[in-house]
A.B. asks: 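Take a look at the following structure, please.
We count ligands from 1, going down the list as the structure has it; atoms in each ligand are counted the same way. Computed from a predicted structure; not experimentally measured.
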Amino acid sequence: MKIIMLGAPGAGKGTQAKMIAEKYSIPHVSTGDIFRANIKNGTELGKEAKGYMDAGKLVPDELTVKILLDRVAQDDCKNGYVLDGFPRTIPQAEVLEDALTKLGDKIDYAINVDVPDENIVRRMSGRRACLKCGATYHIEHIPPKQEGICDTCGSELVLRDDDKPETVQNRLKVYHDQTQPLIDFYTAKNVLKTVDGTKDMKDVFADITAILG
Ligand code: ADP
Ligand code: AMP
């Protein structure tokens with residue numbers, strides 16, 4: 001099963017993608033996590049991506065598409081995957097579609113996690129991320145067992161640089177300008193399903209599994 005998660009930054013794509021990946025035994029592929037791992041490891045890709053990310057801008061398509069296609073070509077993606085944060089532009093979606101078509105394949109579902117802008121800034125300022133294993137928490141809604149420490153790997157949790165309110169406004173604008181058109185793109189392919197992302201995360205997940213079966 002090949003699934004795309006759509007939605008504004010902070011809508012809960014990553015939170016749901018992790019649960020989907022576990023339930024359906026497919027890898028969770030997050031371009032944001034791949035960039036953050038590269039920044040942490042000081043790679044050339046990380047150095048290039050950081051400036052865009054900190055400004056709330058998109059990393060250029062040429063860079064992003066390459067890392068995504070390399071990732072989904074790996075063995076563990078043979079039986080499917082859940083993409084989180086990719087595609088974010090129409091050209092990215094077209095490159096993915098071309099690559100899949102060449103393999104006689106296609107995306108099965110694009111799940112749009114719908115959350116209004118008013119809720120997003122609150123979500124993002126409360127988000128705490130583990131840069132080691134990619135786990136995500138929320139200080140009010142989904143707190144870790146021990147404040148500031150990742151339940152999964154014991155590392156320190158941080159407020160992402162791009163989750164500061166000034167940057168979140170930029171990211172929302174970029175979302176509306178460049179990513180939201182993907183809703184029409186995938187509606188036209190008959191694979192778009194929208195869920196109400198303002199519900200409790202377990203209820204959102206129940207709505208998603210009702211769609212995926
Ligand atoms: P995205 O991957 O779309 O950017 P995340 O999954 O990281 O979003 O979620 C953004 C923030 O909102 C995180 O702090 C997360 O713990 C929290 N969150 C996710 N889903 C819900 C929900 N259904 N209700 C409340 N908070 C949520
Ligand atoms: P995320 O973790 O999905 O919120 O992504 C964090 C940041 O990484 C974004 O604001 C972008 O700067 C960059 N990024 C992640 N995925 C993409 C993508 N598909 N295209 C361009 N930039 C991306």
A.B. asks: What's the shortest distance from atom 4 (O) of ligand 2 to any protein heavy atom, and which residue and atom give it?
C.D. replies: Arg171 NH2, 2.9 Å

A.B. asks: Which residue and non-hydrogen atom of the protein lie closest to atom 19 (N) of ligand 2, and at what distance in Å?
C.D. replies: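 Answer, as residue, atom name and distance: Gly85 O, 2.8 Å.
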
A.B. asks: Rounded to the nearest 0.5 Å, what's the gap from CZ on Arg160 to OG on Ser125? Could you check?
C.D. replies: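 One gets 13.0 Å once the value is rounded to the nearest 0.5 Å.
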
A.B. asks: I need the nearest protein heavy-atom contact for atom 8 (O) of ligand 2: residue, atom name and distance, please.
C.D. replies: Met53 CE, 3.4 Å

A.B. asks: Below 3.5 Å, can you tabulate the donor-acceptor pairs from side chains in residues 17-28 to any protein atom, sequence neighbours excluded?
C.D. replies:
residue: Lys18; atom: NZ; partner: Gly134; partner atom: O; Å: 3.1
residue: Tyr24; atom: OH; partner: Gly213; partner atom: O; Å: 2.7
residue: His28; atom: NE2; partner: Asp84; partner atom: OD2; Å: 2.8

A.B. asks: Students should be able to answer this: which protein heavy-atom is nearest to atom 5 (O) of ligand 2, and at what distance?
C.D. replies: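 Scanning the protein heavy atoms, the shortest distance from atom 5 (O) of ligand 2 goes to Arg88 NH2, 3.5 Å.
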
A.B. asks: Any N or O on Pro87 sitting closer than 3.5 Å to an N or O of ligand 2?
C.D. replies: no

A.B. asks: Would you kindly specify which portion of Arg160 sits under 4.0 Å from ligand 2, judged on non-hydrogen atoms: side chain, backbone, both or neither?
C.D. replies: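 Only the side chain of Arg160 comes within reach of ligand 2.
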
A.B. asks: Indicate, as side chain, backbone, both or neither, the part of Leu58 found under 4.0 angstrom from ligand 2 when only non-hydrogen atoms are considered.
C.D. replies: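 It is both parts that get close, each with some atom under 4.0 Å.
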
A.B. asks: Closer than 4.0 angstrom, basic N to acidic O: yes or no for Asp163 and Arg127?
C.D. replies: yes

A.B. asks: Considering distance alone, does some N or O of Lys57 sit under 3.5 Å from an N or O of ligand 2?
C.D. replies: yes

A.B. asks: Answer yes or no: is there an ion pair linking Asp108 with Lys106, defined by an N-O contact shorter than 4.0 Å?
C.D. replies: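 Yes.
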
A.B. asks: List the closest protein heavy-atom neighbour of atom 16 (N) of ligand 2: residue, atom name, distance to the nearest 0.1 Å.
C.D. replies: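 Nearest protein contact, heavy atoms only, for atom 16 (N) of ligand 2 is Thr31 OG1, 2.8 Å.
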
A.B. asks: Side-chain donor-acceptor pairs under 3.5 Å in residues 95-102, sequence neighbours left out?
C.D. replies:
residue: Glu97; atom: OE2; partner: Lys189; partner atom: NZ; Å: 3.0
residue: Thr101; atom: OG1; partner: Glu97; partner atom: O; Å: 2.7

A.B. asks: Taking all non-hydrogen atoms of both residues into account, name the closest pair between Ile208 and Met5 and its distance.
C.D. replies: CD1-CE, 4.3 Å

A.B. asks: For atom 20 (N) of ligand 2, what's the nearest protein heavy-atom neighbour? Residue, atom name and distance, please.
C.D. replies: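 Nearest neighbour among protein heavy atoms for atom 20 (N) of ligand 2, to 0.1 Å: Gln92 NE2, 2.8 Å.
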
A.B. asks: Starting from atom 22 (N) of ligand 2, find the nearest protein heavy-atom neighbour and note its residue, name and distance.
C.D. replies: Val59 N, 3.0 Å

A.B. asks: Listing by chain and number, which residues have a heavy atom under 4.0 Å from ligand 1?
C.D. replies: Ala8, Pro9, Gly10, Ala11, Gly12, Lys13, Gly14, Thr15, Arg123, Arg127, Thr136, Tyr137, His138, His141, Ile142, Gly197, Lys199, Asp200, Met201

A.B. asks: Once you restrict to heavy atoms under 4.0 Å, what part of Asp33 touches ligand 2? Side chain, backbone, both or neither.
C.D. replies: neither

A.B. asks: Tell me the side chain to side chain donor-acceptor pair (under 3.5 Å) pairs involving residues 85-96, sequence neighbours left out?
C.D. replies: Asp61-Thr89, Asp61-Gln92

